[in-house]
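Here's the structure, in structure tokens; my notes come after.
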Amino acid sequence: MTVWLLPLAVGFATGILSAWGVGGGTLLLLCMTLLLGVDQRTAQTINLLYFLPTAGMGLLSHGKSGLLEKPVLRSAVPAGLTAAALAAWLSFSVDTELLRRPFGVYLLAAGIYILLQKPTKP
């Protein structure tokens with residue numbers, strides 16, 4: 001009966017963190033693979049499905065607030081879509097075990113970078 005409790009708690013916590021812009025999707029991926037035993041590719045798929053509506057709502061919210069820089073979007077969106085398609089293709093061409101270590105190194109480097117950043121004044 002409590003099998004659903006941990007996934008519910010993880011989803012709730014990462015949803016809140018995503019709303020704050022903290023990187024809840026990354027934490028969701030880690031929780032699914034490390035705590036819940038979900039296969040890496042399945043976790044990536046779930047994470048993408050989780051991200052799309054979250055990103056859409058963020059885009060709408062920022063658009064209404066006038067915080068979108070349209071010239072930047074015009075160049076970033078095509079480049080981002082191309083890179084995402086190539087990365088998706090590459091992820092199915094490479095063994096999952098080869099992807100885990102670079103991703104772990106990336107997460108560690110990003111975490112250290114954030115910890116060492118000097119706070120900016122608002």
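These numbers were taken from a predicted model, which means no experiment stands behind them.
- When the shell of 6.0 Å around CD of Gln117 is examined, it contains more than 12 heavy atoms from other residues, nucleotides or ligands.
- Under a 3.5 Å cut-off, the side chain of Thr82 and the backbone N or O of Pro78 do form a donor-acceptor pair.
- Shortest non-hydrogen contact noted between Leu29 and Gln44 is CD1-N, 3.8 Å.
- For the pair Ala43 and Val38, the tightest heavy-atom approach, listed with the atom from each and the gap, is N-CG1, 3.7 Å.
- Leu81 and Trp89 fall into different hydrophobic clusters, where Ile, Leu, Val, Met, Phe, Trp and Tyr side chains are chained together by heavy-atom contacts under 4.5 Å.
- Atom OG1 of Thr42 is separated from atom CG of Leu36 by 12.5 Å, given to the nearest 0.5 angstrom.
- Placement of Leu68 and Met57 in two distinct hydrophobic clusters is found when ILVMFWY residues are connected by side-chain heavy-atom separations under 4.5 Å, directly or transitively.
- Taking CD1 from Ile46 and CE from Met32, the interatomic distance works out to 5.0 Å, rounded to the nearest 0.5 Å.
- Arg74 contributes atom CZ, which lies 11.5 Å from atom CD of Glu69 (distance to the nearest 0.5 angstrom).
- When the side chains of ILVMFWY residues are joined at heavy-atom separations under 4.5 Å, either directly or via intervening members, Val77 and Leu59 end up in a single hydrophobic cluster.
- Leu86 and Leu48 fall into different hydrophobic clusters, where Ile, Leu, Val, Met, Phe, Trp and Tyr side chains are chained together by heavy-atom contacts under 4.5 Å.
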